[in-house]
2 protein chains.
Amino acid sequence: MSEAHRTTYRHGELRETLVAVGVEMARNGGTDAVVLREATRRAGVSPNAAYRHFADRQELLLAVSAVAQGIAADRMVAAIAEFEPTGDAATDARNSLRGVGTGYLAFARDEPGLFRAAFSVPDDLANAHSSAKAGADGRTPFQILGDVLDQLCEAGVLPADRRVGAELLAWSSVHGLGMLLIDGPLRGFTPEMAEVTAQRLLDMVQRGL
Amino acid sequence: MSEAHRTTYRHGELRETLVAVGVEMARNGGTDAVVLREATRRAGVSPNAAYRHFADRQELLLAVSAVAQGIAADRMVAAIAEFEPTGDAATDARNSLRGVGTGYLAFARDEPGLFRAAFSVPDDLANAHSSAKAGADGRTPFQILGDVLDQLCEAGVLPADRRVGAELLAWSSVHGLGMLLIDGPLRGFTPEMAEVTAQRLLDMVQRGL
DNA sequence: ATGTCATTGTGGACAGTGTACACATGCTCA
DNA sequence: TGAGCATGTGTACACTGTCCACAATGACAT
C-alpha cells in the first residue's frame, strides 16, 4: 500500500497503488477525503506522477468508486446467503430481495465512506455492468439486484409487466434510506432504530413493487 | 446581493448577504461550490469577515441548506396545489401524497445544486422542524410530508399502526430516486424517463406504505 | 461630552490543494 | 547501440480554509 521509498525509478504498480490508497482514504471521510496529493505521498511518489494514470482527480475518484461498488456487491451476496433455502421458490426469492436490501444498508452503515464513494460519484447507468465494479463473483450490485428481481418474477411473485425498470424503484428506496442515515437528517439514529426502519422499508418495497 | 464596494465600514447585513450568495453558488454546483472566500468577495468584504458570523464553512453550509429546504418546501406545496379537490377525502389525500413526491422530485430535477445543498448536508432529524428550514407557509418539508400522511390516515387510507415513522419510508424512496437521478447512475436519464420512473416509484410507495 | 468596551471588519500569513509545463529517467524494440 | 515512448520529477501558480494581531465603529455608562 504505502511504500514510502522505493529503489527503482519506475514504481511498477502506481495505478493500482493509488486506487488502493484512495479506497483507504474514502473509507474514512468519503469522497472528499480522497486527496490526490496525499495519495501520491503515501505511494512514495511525486504529486504529478498521478497524472500519468489519471486525467484528473475525478478520474481517480471513478476508479475508487468502482472498487467500492465491488465491495458493496460482496456485502450483498453475503447477506443473501444468510437466508437458508426453504424449497419454496417464492419465499426464497423474497428472502433474496430482502438480503439485497439488507446487505446494501449494512454496507452503508458499516462503511459510510465507501458507500458514498460507491454510489454518489457521477457515472452513467450505461456503465453499471462494467466489470471493474464487480464483486468477487463477477456481478455488479446492479446485476445482483436484477438477478433477484428475475428470480422474483419467475417465482410468480412479481408480475411480469412490472419487471422492467423495477431495479430503479427498489434501488431508489434503499439508496435513499442509506443516504439519509449517513449524510442526512437520520444520521444519529441508533443502529436499532436504523434496523427497524430498514426492515419496514423493505416490507414496503416488497408490498409495493 | 453583490455590492462590490460599500461606503460604511460596517456592512450591516453581512450574514444575510453571505447566505444569499451561498445559495446562489449552491444553485449551480451544489455544496462543493459554496466557497467561503468567493462568497466574501461577492459581498465586497474581506475573507475573514465571514468568521464573525459563522464559526467555519460548515456553519455557512448549514444556513444555506436551511434556505434550500425552504425553497423545496415551496415546491412541494405548489405541487400539492396542482391537484383540484375531488370531494373524496381518500382521493384527495392520495393526490396530496403524490404531490409531495412530485414536488420533491421536480425540485431535484430543476435545482439539483440546491437539492443537494438542502438534503445532503449533515443535520439531525431533531432540527427538522427548525423554522429556518420552512417555506413560505411556515412548514418544513418534513412537516408537509407529515401533514399529508396524517391526512392519509384520517381518510382511512393508511392504517393507523403504520403511521408512525411512515415519513421515513416515503422520504427515503423519493430521496433515493432524486439522488440517483442527479448524482448517481441515473444521471443522463431524459426528463421523460425520469418522470415515468418517478410516477412508478410513487405508485409503489402508495401501494406499499 | 467623554471614555470604555464589545462587535465587526481588515491585513498578513500558513499549510494545503489540484493542476500545468518543462525536464529527467529508463524500458523496449529496431 | 540507439531512438522513442512511457513514466516519474521539479518548479510554479492560483486557489482554498483558517489563525492571529490589529483597526474602525457604534452603544452605553459616567
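In what follows, chains carry the letters A, B, and so on, assigned in the order in which the sequence lines appear, proteins first and then strands, with residues in each chain numbered from 1.
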Verdict with reasoning, A:V64 to A:V121, per side chain to side chain contact (heavy atoms under 4.5 Å, CB included): CA-CA 10 Å; A:V64 169; A:V121 170; over 6 Å; no

Nearest whole Å is fine: how far is [N] [atom2] from [X] [atom1]?
X     : N      : atom1 : atom2 : answer
B:F54 : C:dT8  : CZ    : C1'   : 14 Å
B:H11 : D:dT25 : NE2   : C1'   : 16 Å
A:L14 : D:dT9  : CG    : C1'   : 13 Å

Closest approach of A:A79 to A:G99 (non-hydrogen atoms, all atoms of both residues): CB-O, 3.3 Å

Inter- and intrachain pairs under ring-ring contact (aromatic ring centres under 6.0 Å, His included), touching [range], at least two apart:
range                       : answer
residues 189-209 of chain A : none
residues 128-150 of chain B : B:H129-B:F142, B:F142-B:W171
residues 31-69 of chain B   : none

Partners meeting salt bridge (charged side-chain N to carboxylate O under 4.0 Å, His left out) with A:R15 (sequence neighbours left out): none

Under 3.5 Å, which N/O atoms of the protein pair with N/O atoms of nucleotides 16-20 of chain C?
| unit_1 | atom_1 | unit_2 | atom_2 | d |
| --- | --- | --- | --- | --- |
| C:dT17 | OP2 | A:R41 | NH2 | 2.5 |
| C:dG18 | OP1 | A:L36 | N | 2.8 |
| C:dG18 | OP2 | A:L36 | N | 3.4 |
| C:dG18 | OP2 | A:R37 | N | 2.8 |
| C:dG18 | N7 | A:R37 | NH1 | 2.7 |
| C:dG18 | O6 | A:R37 | NH1 | 2.9 |
| C:dT19 | OP2 | A:Y51 | OH | 3.1 |
| C:dT19 | OP2 | A:R57 | N | 2.9 |
| C:dT19 | O5' | A:Y51 | OH | 3.2 |
| C:dT19 | O4 | A:R37 | NH1 | 2.9 |
| C:dA20 | N6 | A:N48 | OD1 | 3.0 |
| C:dA20 | N6 | A:N48 | ND2 | 2.3 |

Presence of A:H53 side-chain N/O under 4.0 Å of D:dG8 phosphate oxygens OP1/OP2: yes

Check nucleotides 22-24 of chain D for protein N or O atoms closer than 3.5 Å to its own N or O atoms and list the pairs.
| unit_1 | atom_1 | unit_2 | atom_2 | d |
| --- | --- | --- | --- | --- |
| D:dA23 | N3 | B:Y9 | OH | 3.4 |

A:R187 with B:D123: basic N within carboxylate O range, under 4.0 Å: no

Note: B:D150-B:R163 ion pair, threshold 4.0 Å (strictly below): yes

